[in-house]
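Quick caveat: nothing in here was measured; it's all calculated off a predicted structure. Numbering of ligands and ligand atoms starts at 1, following listing order. For the numbers below, each heavy atom of this structure counts, side chains included, while hydrogens, waters and symmetry mates do not.
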Amino acid sequence: MAIEFSAAVSRIPVYPAAAAYALPEDVALLASNESPEPPIPAVVAAVQAILTGVNRYPDPTNSKLRGALSDRYGVPASRIAIGNGSCDILLAAGEALLEPGAEVVYAWPSFSVYPHLAAATGATAIQVPLNDRHEHDLDAMAAEITAATRLVVVCNPNNPTSTAIPLADVAAFLERVPPRVCVMLDEAYCEYNTLEDPDASLDLLAKHPNLVLLRTFSKVYGLCGLRVGYALCGSDAFVTAVNQVRQPFFCNAAAQAAAVEALKHGDAVAQRVERAVVARLELEDGLDALGITPAESQANFAWFDLPVPEGEEPTPFESSIVRTLGERGVQVRSGTALGRPGALRVSYGTAAQNERFLRELRDLLQ
Ligand SMILES: *Cc1c(COP(=O)(O)O)cnc(C)c1O
């Protein structure tokens with residue numbers, strides 16, 4: 001007889017891993033919005049220095065990291081949650097807030113992890129379509145809030161569409177959400193947004209105890225392999241709740257040390273953002289030459305509809321492009337898997353990788 005699993009296991013989608021892990025070295029990995037740059041050398045050194053002490057458990061209170069984040073952002077340490085990647089905090093929030101009968105509201109297409117929130121807890125997911133500029137429709141989201149709503153997630157800039165909504169719109173939205181409903185603003189890409197100061201959303205915390213700003217060291221700091229993220233919260237209660245539902249040692253010692261060191265290198269981070277913005281312009285120019293207009297990106301990746309030839313269907317056309325690009329050593333994400341058949345999501349790589357992607361795509365579209 002086979003093992004009998006919980007109903008949640010049949011509901012939770014299996015994460016579609018990028019196919020590149022078993023491929024040769026020279027593959028251009030443009031499928032997971034990673035930084036193409038290795039970690040900052042001082043961060044690598046900080047990780048190496050901590051390794052001789054890993055016979056001890058990591059600090060379960062993450063006190064150094066929370067202290068460093070508190071200094072950096074001016075948010076009391078009691079209102080800062082740490083996680084094994086920001087996804088860990090996201091899933092813990094689902095567990096702490098949701099249950100059968102409760103509702104979670106988020107946009108769609110948006111981050112592929114959000115469907116786990118309802119699936120894992122038995123809550124109901126309310127997916128609100130993006131507008132035709134691939135942006136959150138905050139009016140439509142506000143209209144979906146009911147007495148059953150416990151959590152609203154707003155991804156800004158949005159993954160997989162790369163678009164950002166103005167912070168003023170988010171601020172106006174928050175005024176419409178009852179204070180008993182937790183609003184999580186997922187800002188995994190906020191550092192790449194050239195339209196807004198990434199620190200501007202912090203001002204909203206003082207006014208909205210129900211607000212959580214979710215951030216990560218995975219993207220611009222280039223530390224996704226270590227798994228560390230954080231949440232800046234409007235209240236202590238959220239931090240206590242997400243810590244209650246998790247194992248005590250959710251953030252390993254190397255990740256904590258790396259994050260503390262990374263926060264000392266604001267200049268290096270700013271330079272990474274500059275290079276990503278150069279890549280954005282290069283990729284947009286190259287796509288434009290192919291007659292493709294991507295969504296207006298404020299992130300480290302491009303999102304666009306492929307020019308599907310007349311008489312062909314979007315999904316098979318897109319999968320054959322993704323597959324052939326993969327065979328030629330360029331990994332990108334299929335839009336079908338992310339909620340929009342016929343679309344592609346392409347992370348910015350090095351200049352050479354971006355050129356390689358454009359060259360192969362041009363070849364396939366001709
Ligand atoms: C990459 C990403 C994250 C970060 O996940 P980690 O668990 O911190 O690696 C969070 N939200 C979105 C929308 C992302 O794209």
Would you kindly say whether Ser297 and Tyr348 are connected by a side-chain donor-acceptor distance under 3.5 Å?
yes

Could you please spell out the steps behind the side-chain hydrogen bond (donor to acceptor under 3.5 Å, both in side chains) verdict for Asn156 and Tyr189?
CA-CA 7 Å; Asn156 197 39; Tyr189 302 98; over 6 Å; no

Do NZ/NE/NH1/NH2 and the carboxylate oxygens of Arg72 and Asp199 come within less than 4.0 Å?
yes

Does ligand 1 have an atom that lies less than 4.0 angstrom from a heavy atom of Asp186?
yes

List ligand 1 atoms under 4.0 Å from Gly85, heavy atoms only on the residue side.
6 (P), 7 (O), 8 (O)

Among non-hydrogen protein atoms, atom 4 (C) of ligand 1 lies closest to Ser86 OG, 3.2 Å

Considering only the protein, which heavy-atom contact is closest to atom 2 (C) of ligand 1, and what is its distance?
Lys219 NZ, 2.4 Å

for atom 7 (O) of ligand 1, nearest protein heavy atom and its distance come out as Arg227 NH2, 2.7 Å

Does Ser218 have a heavy atom less than 4.0 Å from any atom of ligand 1?
yes

Side chain, backbone, both or neither: which part of Cys87 comes within less than 4.0 Å of ligand 1 when only heavy atoms are counted?
both

If we only consider heavy atoms of Phe217, is any one of them less than 4.0 Å away from an atom in ligand 1?
no

Is it the case that more than 12 heavy atoms not belonging to Asp267 sit under 6.0 Å from its CG atom?
no

What I want to find out is whether Arg246 reaches Asp88 closely enough, with some N-O distance under 4.0 Å, to be called a salt bridge.
yes

Test item: side-chain donor near acceptor, Asn159 and Arg345, under 3.5 Å:
yes

Take every heavy atom of Cys155, measure it against each atom of ligand 1, and state whether any distance is under 4.0 Å.
yes

